[in-house]
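Report on the structure given below.
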Amino acid sequence: MTITETSGGILVRLPYLSLADTLDCGQCFRWETSDNCTFRGCHNGHFLTVSQLKLGAPQDESAIFLHRTTRKQFETIWRPYFDLDTDYHAMQQIFRNDPTLALACDYAGGIRILRQEPWEALCSFIISQNNNITRIKDIVTRLCETFGNHTADGYTFPRPERIASLSLDDLSPLRAGFRAKYILDAAQKIAGGEIDLPAVAAMPIDEARKALQTICGVGPKVAECALLFGFYRREAFPIDTWIKKVLNIYYPNGFPDFAVPDGGVAQQYLFHYVRNHPLPA
DNA sequence: AACCAGGTTGACG
DNA sequence: CGTCAACATGGT
């Protein structure tokens, strides 16, 4: 990876990375684009415009440009967020021992797991249940625009303390349906100290699962998504309707052992792959 | 008009 | 412990 500071921002040349796939594969819900090349989004109160300068083939070098970003902002915020120091190629070499995963790597290998802010990830995936991605994005957008901080750059994701100060009726403009009470319960347990997210981050994964599932509206799948996308637990393996079909069709005898330690990454590749390819009946 | 959407809950055997 | 309808809302 080579990093170049320019007057306009930071240029990063690095192994294969697809911004379009990474930011629109259903792991995050707040990045917007009009051309599938330049994206604008927010992480932990920091806003960014980022462009794909070069995609290339999987074996080639990619390049991205972070607009109006200093070296310090890059190092402290965006380099970790985009998980730029993890060797995805090495992971994919292992996945390729399985034929289905090899196809998923070919198709989705430009995806990086974003290190999202834990509360935002948890809250977003509470909203995701029995919902479609378009509407998840709409509800999250309304959540930010209604209760987030309005800065010069845009709306931030509201902190749990802010949500916890609200009533169920206050959340009605979100049109989140039955999920509103779950959002409220999560915010109240976190703001009230009943659940300590930094402590969850430090727990053994089974303990973390149990802790998250004490929140009403957080079952096995949402907990797993929060752990993978909000706590960067790459072994977390969310099983949704799509992955359930994949497991039934391609892995009737179980998911391959060698892929389990990075199962979440494999899961995300498979998810993106099957969502864009017809599955056998 | 019925069915589906990155599921979870509470009620039932 | 496994099964199953209900759950709000919006899109086909």
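Applying the side-chain hydrogen bond (donor to acceptor under 3.5 Å, both in side chains) test to pairs two or more places apart or on separate chains, none has a residue in residues 210-219 of chain A. For residues 168-181 of chain A, every residue pair satisfying the side-chain hydrogen bond (donor to acceptor under 3.5 Å, both in side chains) rule, not counting sequence neighbours, is listed here: S167(A)-D170(A).
Between R13(A) and T2(A), the side chains place a donor N or O and an acceptor N or O closer than 3.5 Å (distance only, hydrogens not considered). When only modelled atom types and interatomic distance are considered, Y182(A) and Q129(A) share no side-chain donor-acceptor pair under 3.5 Å. Side-chain atoms of D106(A) and Y273(A) include no donor-acceptor pair closer than 3.5 Å.
Here dT8(B) presents its C1' atom at 13 Å from CG of N131(A), a figure rounded to the nearest Å. Nucleotide dA5(B) holds its P atom 11 Å from the CZ atom of R275(A), rounded to whole Å. Spacing between atom CZ of F178(A) and atom P of dG7(B) amounts to 10 Å, rounded to whole angstrom units.
Applying the side-chain hydrogen bond (donor to acceptor under 3.5 Å, both in side chains) test to W31(A) and every residue at least two apart in sequence or in another chain returns Y81(A). Among residues two or more places apart in sequence or in another chain, the side-chain hydrogen bond (donor to acceptor under 3.5 Å, both in side chains) test is passed with R275(A) by none. Not a single side-chain hydrogen bond (donor to acceptor under 3.5 Å, both in side chains) links S34(A) to another residue, sequence neighbours left out. Every side-chain hydrogen bond (donor to acceptor under 3.5 Å, both in side chains) that D35(A) has, sequence neighbours left out, goes to T33(A).
Residues of residues 221-242 of chain A that place a heavy atom closer than 4.0 Å to DNA chain C do not occur. If you check residues 132-146 of chain A against DNA chain B, the residues with a heavy atom closer than 4.0 Å are N132(A), I133(A), listed by number.
F74(A) does not carry R79(A) over the face of its six-membered ring by the limits of under 6.0 Å from the centre and within 45° of the normal.
Side chain of S128(A) to backbone of F125(A): a donor-acceptor contact under 3.5 angstrom is found.
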Practice item. Verify salt bridge (charged side-chain N to carboxylate O under 4.0 Å, His left out) between R115(A) and D83(A), making sure each step is shown before the conclusion. Key: CA-CA 7 Å; R115(A) 296 180 189 248; D83(A) 199 24; 3.1 Å; yes
Exercise for review: Report the C-alpha separation of F29(A) and F229(A) in whole Å, then their side-chain angles, then the decisive distance to 0.1 Å, and conclude whether the ring-ring contact (aromatic ring centres under 6.0 Å, His included) test is met.
Suggested key: CA-CA 12 Å; F29(A) 304 98; F229(A) 301 120; 8.6 Å; no
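If you take atom C1' in dG10(C) and the same atom in dT9(B), they sit 22 Å apart, rounded to whole Å. Using P as the reference atom, dG7(B) and dC1(C) are 24 Å apart when rounded to the nearest Å. For the P atoms, the distance linking dA6(C) with dG13(B) amounts to 15 Å, nearest Å. With P as the reference atom, dA11(B) and dA8(C) are 15 Å apart, rounded to whole Å.
Counting non-hydrogen atoms under 4.0 angstrom, C28(A) reaches nothing in the nucleic acid.
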Exercise for review: State the dot-bracket string of DNA chain C. Criteria: Watson-Crick or G-U wobble, both atom distances under 3.5 angstrom; notation: ( ) intrastrand, [ ] crossing earlier pairs, | interstrand, . unpaired.
Suggested key: .||||||.||||
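Classification of R159(A) and E117(A) as a salt-bridged pair holds, one side-chain N sitting under 4.0 Å from a carboxylate O.
Taking the side chain as every heavy atom from C-beta outward, L11(A) and L53(A) approach each other to under 4.5 Å.
Nucleotides of DNA chain C that come within less than 4.0 Å of any heavy atom of chain A span, from the 5' end to the 3' end, dC7(C) to dG10(C).
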Look for any protein N or O under 3.5 Å of an N or O in nucleotides 9-13 of chain B and output each such pair with its distance, or none.
unit_1, atom_1, unit_2, atom_2, d
dT9(B), OP1, G217(A), N, 3.0

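Other members of the cluster containing L55(A) are Y16(A), with ILVMFWY side chains joined at under 4.5 Å, either directly or via other members.
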